[in-house]
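One structure is given here, and the rest of the page talks about it.
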Amino acid sequence: MKASDLLAAITVEPFENPHQEVCFQEGDRQLPITGIRLEHDKLVLFVTEGSPPMSMNEFVLQLMLHRKAHVFVEHNEQQLPVYGFREEHEKLIL
C-alpha cells in the first residue's frame, strides 16, 4: 500500500472515534508502532519495546511527506508490506 492510499483512507472517511495510536497485529497481540523511517522508496514502521507509541500527528505527517513511498512494518527482522487496516476502538490496526 502506498502512503498516499493509506493517508486518503484514514483522512477522507470520518471515523466514529478519532484514532489515538497505530498498532501492528501479531497473533493475539496488538503492538503499538513507536517509530517510522524512510528507506529508499519504503516508509518502514517499527516497534521498539519500552518506547512510547508514535503520535497520530507524526504518523499522518510522515504519510504526507512521503506520499509516493510504499508502507511496510518491520517485524522479526523482516519488512512486511501493509495491504490494509482496520479500526478497533481508538486504534488503527495494520
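Considering only heavy atoms from C-beta on, V47 comes within 4.5 Å of I33 through its side chain. Counting only heavy atoms from C-beta outward, the side chains of L45 and F59 approach each other to under 4.5 Å.
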Exercise. Walk me through it: do I10 and V60 pass the test side-chain contact (heavy atoms from CB on, under 4.5 Å)?
Key: CA-CA 9 Å; I10 65 174; V60 170; 4.2 Å; yes
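By the side-chain hydrogen bond (donor to acceptor under 3.5 Å, both in side chains) test, R86 is found to be paired with Q25, E88, residues two or more places apart in sequence or in another chain being considered.
Rounded to the nearest 0.5 Å, atoms CG (L65) and CG (L38) are 10.0 Å apart. Atom CG of L94 is separated from atom CD of Q30 by 10.5 Å, given to the nearest 0.5 angstrom. Rounding to the nearest 0.5 Å gives a distance of 6.5 Å between CD of E39 and CD of E74. Atoms SG and CG, from C23 and L92 in turn, are 8.5 Å apart once rounded to the nearest 0.5 Å. In this structure, CD1 in I93 is found 11.0 Å from CZ in F24, a value given to the nearest 0.5 Å. Here the straight-line distance linking atom CG of D41 with atom CZ of F72 works out to 7.5 Å at 0.5 Å rounding.
Hydrophobic clustering of Ile, Leu, Val, Met, Phe, Trp and Tyr side chains at less than 4.5 Å, counting indirect connections, keeps L63 apart from F46. L61 and V44 fall into different hydrophobic clusters, defined by Ile, Leu, Val, Met, Phe, Trp and Tyr side-chain heavy atoms under 4.5 Å apart, directly or through other members. Note on L80 and V82: same hydrophobic cluster, where clusters join Ile, Leu, Val, Met, Phe, Trp and Tyr whose side-chain heavy atoms are under 4.5 Å apart, directly or indirectly.
Side-chain atoms of T48 do not come within 3.5 Å of backbone N or O of T34 as any donor-acceptor pair.
Considering all non-hydrogen atoms of both residues, V71 and K2 come closest at CG2-C, 4.1 Å.
Applying the side chain to side chain donor-acceptor pair (under 3.5 Å) rule to pairs touching residues 64-73 yields Q62-H66, sequence neighbours excluded.
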